[in-house]
Amino acid sequence: MRESNDDAVPLEFYDTRTRTQRVFEPLEAGHARVYTCGPTVYAPQHIGNLRSQLFADLLVRTLLSRGYQVTHVVNITDVGHLTDDADAGEDKMERAAAHAGRTAAEIAAEYTAQWVRDRELVGCRPPDVLCRATEHIQDQIDLIQRLEERGFTYRIDDGLYFATARFPRYAEFAGLDLNAQTSAARMADVPGKQHPADFALWKFAAPGVRRQQEWDSPWGRGFPGWHVECSAMSIRYLGPTFDIHTGGVDHVRVHHTNEIAQSECAYEMHPWVQTWMHNEFLNLAGQKMAKSEGRVALLEDLIADGHVPLVYRYFFLQAHYRQQQAFTPEAMDAARTGYDRLVRVASEVRGASGKTRRSVMAPLRRRFQQALADDLNAPRALAVAWEVARSGELEPVERWTLLREFDTVLQLDLEHALPKSEQAAGESDPRIDALVAERERARAERDFANADRIRDELAAEGVTIEDTPEGARWRRE
RNA sequence: GGCGCCGUGGCCAAGUGGUAAGGCACGGGACUGCAAAUCCCUGAUCCCCGGUUCGAAUCCGGGCGGCGCCUCCA
């Protein structure tokens, strides 16, 4: 088939491990295995967190559009993530539970549900596997045992630790200078740590303290450290080596560095993951959106502002995932207008049929694919979609065919979404309907003073009237 | 202080050697009784300085400014 030539553009992704953009070649032909770092569910996930999921979804949908079978695993961290990464501090889940006067399980369930819902609302494909740390304790213990058998662990009073000094490549991934690290702080709270970069694999429950989340293990009652769950679960579902691991840039230094250390030492494998992809942050007021600063926006906030959730996805697509993106209410409004107009075009050509010309469609199709193949350049891909939308060369059926095709990746619901001006079609309000009818009568009698008065009154309460060939219609802004 | 990223029209944002994608806003036009919605048109030489090159937003050097990581963080 000639069609297959369009797929010849090789997919290239920027890989953090090698700091280069490389052609993607899965370990198993035709099958891409992807692991995405999901949330620690101790608090609501904001739209910055959501950016990571949108990025992973863009990746997965791009792979699917190229005909790959994809196994996408996403984790939920619901235990072991401490407030302080130096293996001291409280467990975030336990703390959140204590503050709310509820159980850790309740907290986790609530925020997991919210996160799942938000993901769906912005068009993220459900993961093939959604796995929770608390449901994989044995997998984590097994992994730690492999490390113990191979001599990578040591035991001190508060837990079993990973000895980074025994893994020569430890600093390689993140380009760390271990000697220059500000080690004092990380050593202070944990007596016995051999190196500041060492991290807990299994933490013991403090003497006399009954935790909500604790389990028996070969080393004593306690809970797994942060990082272990990702190694254990990704390997459980994707095998001891797989293709792509995604996450936020903040994870490069500690979380992913430690995952690599655990996994490569436990399974004597290198490189453990072929390609590491990291998304940049969403900025709010010039700085990264951060829970700890209270500088966050939730998807429900955007919805409360009158935005359709997919407007946020459209917003996301306007910037490259490896660039910091500036979030402002104005930018959201701009995205909303842009999205609505794109939807309008789609709705106008929706369902068009007839003959299509390959000669005019192929270049656009190819440029769309090239954009995505170039390290998921969504802004460029979106620009091609706009070109199609506003093309004077293409027939409606051709525009529809391309837009529907592009939307399998963009996922902007171009197949069903209604433009703003048509959303009121199903809405009805006897009082407003009557006023609109009254204005229609006034207009028919060329009594424009009265007609305009009615329109102004409705406008004052946020109702906009549009006169169309089929008569007047209204909508709430 | 160390490491990394970034600085493109009013705003958001692509573009990494050959005379600046796209979206939003503004202005102009078409349409309209006037509007709304829609459509069309218009706008930047790319933070500053120096260098390499026939040619640089794009490479190199030096500034200035911003952000991130190094401490919880997608």
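Model, not experiment: these values are computed from the prediction.
Remark: A:R475 is not in phosphate contact with B:A36, judged by side-chain N or O atoms under 4.0 Å from OP1 or OP2.
Counting non-hydrogen atoms under 4.0 angstrom, A:G48 reaches a base of the nucleic acid. Among the atoms of the strands shown, base atoms are found under 4.0 Å from some heavy atom of A:I465. Using a 4.0 Å heavy-atom distance criterion, A:Q325 is classed as a sugar-phosphate-only contact. Counting non-hydrogen atoms under 4.0 angstrom, A:Q323 reaches the backbone sugars and phosphates but no base. Within the 4.0 angstrom heavy-atom criterion, no nucleotide atom of any strand lies near A:H278. Heavy atoms of A:L282 sit under 4.0 angstrom from at least one base atom. Using a 4.0 Å heavy-atom criterion, one finds that A:D333 contacts no nucleic acid atom at all. Within the nucleic acid shown, A:R336 has no heavy atom closer than 4.0 Å to any nucleic acid atom. If you check every strand for non-hydrogen atoms under 4.0 Å, A:A383 touches a base. If you check every strand for non-hydrogen atoms under 4.0 Å, A:R390 touches sugar and phosphate atoms only.
A salt bridge is defined here as a Lys NZ or Arg NE, NH1 or NH2 lying under 4.0 Å from an Asp or Glu carboxylate O, and A:R441 with A:E445 fails to meet this definition. Salt bridge status for A:R313 with A:D413: absent, with no side-chain N to carboxylate O gap under 4.0 Å.
Nucleotide B:A35 holds its C1' atom 15 Å from the CZ atom of A:R446, rounded to whole Å. Atom pair A:E348:CD and B:A37:P shows a separation of 15 Å (rounding to whole Å applied).
The aromatic rings of A:Y314 and A:Y339 lie tilted to each other, with the angle between the two planes from 30° to 60°.
Between A:D91 and A:Y42, the side chains place no donor N or O within less than 3.5 Å of an acceptor N or O (distance only, hydrogens not considered).
Heavy-atom distances to RNA chain B give each of A:Q318 and A:R439 a nearest nucleotide, and the one nearer the 5′ end belongs to A:Q318.
Remark: B:G33 base-pairs with no nucleotide in the shown strands. Criterion, Watson-Crick or G-U wobble with two distances under 3.5 Å.
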Verify side chain to side chain donor-acceptor pair (under 3.5 Å) between A:Y237 and A:H136, making sure each step is shown before the conclusion.
-> CA-CA 11 Å; A:Y237 293 107; A:H136 295 77; 2.6 Å; yes
